[in-house]
Number of protein chains: 2
Amino acid sequence: MKLSTKGRYGLKAMFDLALHYGDIPIPLKVVAERQCVSENYLEQLIAVLRKAGMVNSVRGAQGGYVLAKKPEQITVGDIIRVMEGSIAPLDCVKEGEAVDCIQFEHCVSRNVWLRVRDSITDVLDTTTLADMCREAEGLKNKEQGTRKTLEP
Amino acid sequence: MKLSTKGRYGLKAMFDLALHYGDIPIPLKVVAERQCVSENYLEQLIAVLRKAGMVNSVRGAQGGYVLAKKPEQITVGDIIRVMEGSIAPLDCVKEGEAVDCIQFEHCVSRNVWLRVRDSITDVLDTTTLADMCREAEGLKNKEQGTRKTLEP
DNA sequence: ATAATCCCTAGTTAATAACTAGGGATTATT
DNA sequence: AATAATCCCTAGTTATTAACTAGGGATTAT
């Protein structure tokens with residue numbers, strides 16, 4: 001039960017845009033470097049996010065990407081749904097899809113997976129990019145405060 | 001973020017053994033037929049469960065498998081951990097493993113995945129095979145009660 | 001005019017999932 | 001003792017997918 005790099009990198013990219021949220025667009029090259037991801041690959045991934053209306057792009061020199069909404073208004077769940085197609089540990093518990101389920105045994109398992117899915121979406125839908133930024137800020141401060149020695 | 005058939009079928013098999021829990025061992029052939037799974041494939045999967053001590057096997061004619069513990073004492077989490085190797089949406093949040101995490105951004109994402117993992121394990125570790133059997137019983141009764149017409 | 005950017009699509013590679021196949025070992029039943 | 005039913009083991013096979021790489025065209029600030 002693993003998340004693919006689509007979801008992971010998609011979140012990384014969006015988080016990066018959130019951390020540097022402002023008026024000027026951020027070139028993907030910069031995002032890719034900061035997040036240690038192949039630029040070409042990230043291009044493909046952010047295209048999905050753009051088509052879903054989650055980021056806006058500015059073409060040409062000095063162009064780049066900006067979040068289409070404020071970090072407070074974008075949840076991790078939004079991003080993962082777009083990148084992974086759905087949030088579901090199994091196809092039979094995809095959100096908003098009818099399933100034909102004959103065996104009652106099957107349905108009992110399915111109930112378990114439904115509960116799992118709901119617990120996942122609960123976490124993802126209550127975490128915004130702004131929350132992550134706040135958390136990053138906290139981590140940074142903590143790090144600076146406690147850090148004694150560190151390689152240069 | 002999908003569960004593989006290992007976890008799914010493994011749970012199906014264990015659930016089947018729980019539903020028919022008793023003194024006599026159940027041949028895998030029967031389990032495979034009831035759960036609509038390839039017997040050969042299921043053999044490989046149940047071998048994992050056997051090596052983990054979750055089922056006992058009886059060889060020879062009239063042989064088969066029995067749960068090593070009572071259905072109340074086996075959680076879905078136990079089964080999934082054995083079948084999938086771990087419960088984690090990402091490798092960096094595997095239970096009981098240290099991770100080297102340099103970038104603080106990375107860690108923020110990781111915190112999200114940690115919370116996801118915990119919410120998943122919470123569901124899986126609080127659901128036993130006995131719970132599933134009870135639920136199955138409930139479904140069966142409900143079905144009989146409300147059923148009007150159904151293909152023969 | 002140039003360089004920096006986004007945009008698009010078609011490969012490629014490696015790993016993995018999900019089996020299939022088949023033969024050996026053990027044991028209850030006849 | 002023979003047979004059939006079972007578990008046990010390992011080595012393929014196939015198809016799909018993930019995770020990129022590569023490269024060229026369109027747009028726009030400088």
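Chain identifiers are assigned alphabetically (A, B, ...) following the order of the sequence lines, protein sequences preceding nucleic acid strands; residue numbering begins at 1 within each chain.
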Nearest whole Å is fine: how far is dC6(C) P from Leu17(A) CG?
10 Å
What's the CZ-P distance between Arg8(B) and dA17(C), to the nearest Å?
13 Å
Donor-acceptor pair between Ser119(A) and Asp122(A) side chains, under 3.5 angstrom
no
Phosphate-side-chain proximity, Lys6(B) and dA18(C), N/O vs OP1/OP2 below 4.0 Å
no
If you check the Lys51(B) side chain, which of dC9(D), dA19(D), dC7(D) turns out closest?
dC9(D)
Side-chain atoms of Thr5(A) come closest, of dT20(C), dA19(D), dG25(D), to dA19(D)
Roughly how many Å is it from CE in Met83(A) to P in dA19(D), rounded to a whole number?
11 Å
Just by distance, no angles: are the side chains of Tyr9(A) and Ser4(A) close enough, under 3.5 Å, to form a donor-acceptor pair?
no
Taking atom C1' of dT27(D) as reference, at what distance in whole Å does atom CG of Leu28(A) sit?
16 Å
The nucleotide from dA19(D), dC19(C), dC6(C) with an atom nearest the side chain of Arg59(A) is dC6(C)
Given dT6(D), is OP1 or OP2 found less than 4.0 Å from the side-chain N or O atoms of Ser57(B)?
no
Dot-bracket, DNA chain C: Watson-Crick or G-U, under 3.5 angstrom, [ ] crossing, | other strand?
||||||||||||||||||||||||||||||
Please give, in whole Å, the distance from dC6(C) C1' to Ile26(A) CD1?
15 Å
Would you tabulate the pairs of protein nitrogen or oxygen atoms and nucleotide nitrogen or oxygen atoms of nucleotides 3-5 of chain D closer than 3.5 angstrom?
{"from": "dA5(D)", "atom 1": "N3", "to": "Ala61(B)", "atom 2": "N", "distance (Å)": "3.4"}

Would you say dA18(C) has OP1 or OP2 under 4.0 Å from some side-chain N or O of Ser38(B)?
no
Going from OH on Tyr21(A) to SG on Cys133(A), what distance comes out if it is rounded to the nearest 0.5 angstrom?
11.0 Å
Counting just side-chain N and O atoms, does Tyr9(B) come under 4.0 Å of either OP1 or OP2 of dC19(C)?
yes
May I ask you to decide if Val55(B)'s main-chain N or O and Arg50(B)'s side chain share a donor-acceptor pair within less than 3.5 Å?
no
If I take atom CD1 in residue Ile24(B) and atom C1' in nucleotide dC7(D), what distance separates them, rounded to the nearest angstrom?
17 Å
Check DNA chain D against residues 43-50 of chain B and give the residues with a non-hydrogen atom under 4.0 Å, in numerical order.
Glu43(B), Gln44(B), Arg50(B)
Whether Arg115(A) and Glu135(B) form a salt bridge (side-chain N of Lys/Arg under 4.0 Å from carboxylate O of Asp/Glu) is what I want to check.
yes
Please compare Glu39(B) and Asn40(A) by the position of their nearest nucleotide in DNA chain D and report the one closer to 5'.
Glu39(B)
When you measure from the side chain of Gln35(A) to the backbone of Ala13(A), do you find a donor-acceptor pair of N or O atoms at a distance under 3.5 Å?
no
Rounded to the nearest 0.5 Å, the CG atom of Leu124(B) sits from the CD1 atom of Ile79(B) at a distance of 10.0 Å
OP1 or OP2 of dC7(C) under 4.0 Å from side-chain N/O of Tyr65(A):
yes
Is the shortest side-chain heavy-atom distance between Ser86(A) and Arg81(A) below 4.5 Å?
no
Whole angstrom value for the distance that separates P of dC8(D) from CG of Leu42(B)
13 Å
Think Tyr41(B) has a side-chain N or O under 4.0 angstrom from the OP1 or OP2 of dA17(C)?
no
Is any side-chain heavy atom of Thr128(B) closer than 4.5 Å to a side-chain heavy atom of Ile74(B)?
no
Side chains of Pro25(B) and Arg59(B) in contact at under 4.5 Å (non-hydrogen atoms):
no
Quick one: does any side-chain atom of Thr75(A) pair with a main-chain N or O of Asp78(A) as donor and acceptor, under 3.5 Å?
yes
Do Trp113(A) and Leu19(B) belong together in a cluster built from hydrophobic side chains that touch within less than 4.5 Å?
yes
